[in-house]
Amino acid sequence: MIAAVAVAVAVAVAVIVFTMPMQSAPGAPNVRFTEYTPDRLDIKVGESTKIVFNVQNMESRNINDSQVVTVIEPSGYQPYLSIDRPTIELPDLQGKDARTGEMQVAITVTSSPAKEALYVVKGVLMVEGKQSDVRQFDLRIRQ
């Protein structure tokens, strides 16, 4: 029963995250996440969640300057959570429809500020210094 509820919640979150309107800066290159999926949305102290993502170039030109920045809100999370790679430089995207391939970042709970805490995790795609796409999900931490 609990597993079925967890799966239903994960599917609902995935639908919400992937149907959100794209949030890009004016003039940002058309480069987007094709995937931004956490393996767990509810973790305890000492556990981790891995976020798998893939990025696609929709421009007809090469993209050489792009990165994914992982942001956690609210700020002040550092005593409780650690990100193994907060900023990931992406490989060159050689022309239209080029993809990075699956990449990943891990978030580990080092301690908990309370019995339970809720954080918003955002993957911010920066291309040539402009925000090109954002994906996010809620991460629940338990003792």
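Keep in mind that what you see is a predicted model, and the values were worked out from it rather than measured.
- In this structure, T70 has no side-chain hydrogen bond (donor to acceptor under 3.5 Å, both in side chains) partners at least two apart in sequence or on a different chain.
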Result block: side-chain N/O donor-acceptor pairs under 3.5 angstrom for residues 90-101, not counting sequence neighbours:
from: Q94; atom 1: OE1; to: N62; atom 2: ND2; distance (Å): 2.9
from: K96; atom 1: NZ; to: M58; atom 2: O; distance (Å): 3.2
from: D97; atom 1: OD1; to: Q56; atom 2: NE2; distance (Å): 3.0
from: R99; atom 1: NH2; to: Q56; atom 2: OE1; distance (Å): 3.1
from: T100; atom 1: OG1; to: N54; atom 2: OD1; distance (Å): 3.2
from: T100; atom 1: OG1; to: V55; atom 2: N; distance (Å): 3.2

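- Each salt bridge (charged side-chain N to carboxylate O under 4.0 Å, His left out) pair with one or both residues in residues 104-113, not counting sequence neighbours, would appear here, but there are none.
- Within the structure, salt bridge (charged side-chain N to carboxylate O under 4.0 Å, His left out) contacts touching residues 45-56 (residues at least two apart or in different chains) are R40-E47.
- The side-chain contact (heavy atoms from CB on, under 4.5 Å) test with I51 is passed by exactly one of V68, D39, V121: V121.
- Evaluation of the side-chain hydrogen bond (donor to acceptor under 3.5 Å, both in side chains) rule for S111 yields no partner, not counting sequence neighbours.
- Partners of E73 by side-chain hydrogen bond (donor to acceptor under 3.5 Å, both in side chains), not counting sequence neighbours, listed by chain and number: K122.
- Looking at residues two or more places apart in sequence or on another chain, you find no side-chain hydrogen bond (donor to acceptor under 3.5 Å, both in side chains) involving E59.
- Partners of S112 under the side-chain contact (heavy atoms from CB on, under 4.5 Å) rule, at least two apart in sequence or in another chain, are V45, I141, Q143.
- Contact between D133 and F33 at its shortest, heavy atoms only, is OD2-N, 2.9 Å.
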Please output the side-chain donor-acceptor pairs of residues 77-89 that fall under 3.5 Å, not counting sequence neighbours, one pair per line with the distance.
from: D84; atom 1: OD1; to: A106; atom 2: N; distance (Å): 2.8
from: R85; atom 1: NH2; to: Q104; atom 2: O; distance (Å): 2.4

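- Considering all non-hydrogen atoms of both residues, D65 and G129 come closest at OD2-N, 4.2 Å.
- With sequence neighbours excluded, the residues forming a side-chain contact (heavy atoms from CB on, under 4.5 Å) with E102 are E35, V52, listed by chain and number.
- Listed by chain and number, the residues in a side-chain contact (heavy atoms from CB on, under 4.5 Å) with R140 are D42, E116, L118, R142 (sequence neighbours excluded).
- In this structure, the side chains of F53 and P38 stay at 4.5 Å or more apart for every pair of heavy atoms.
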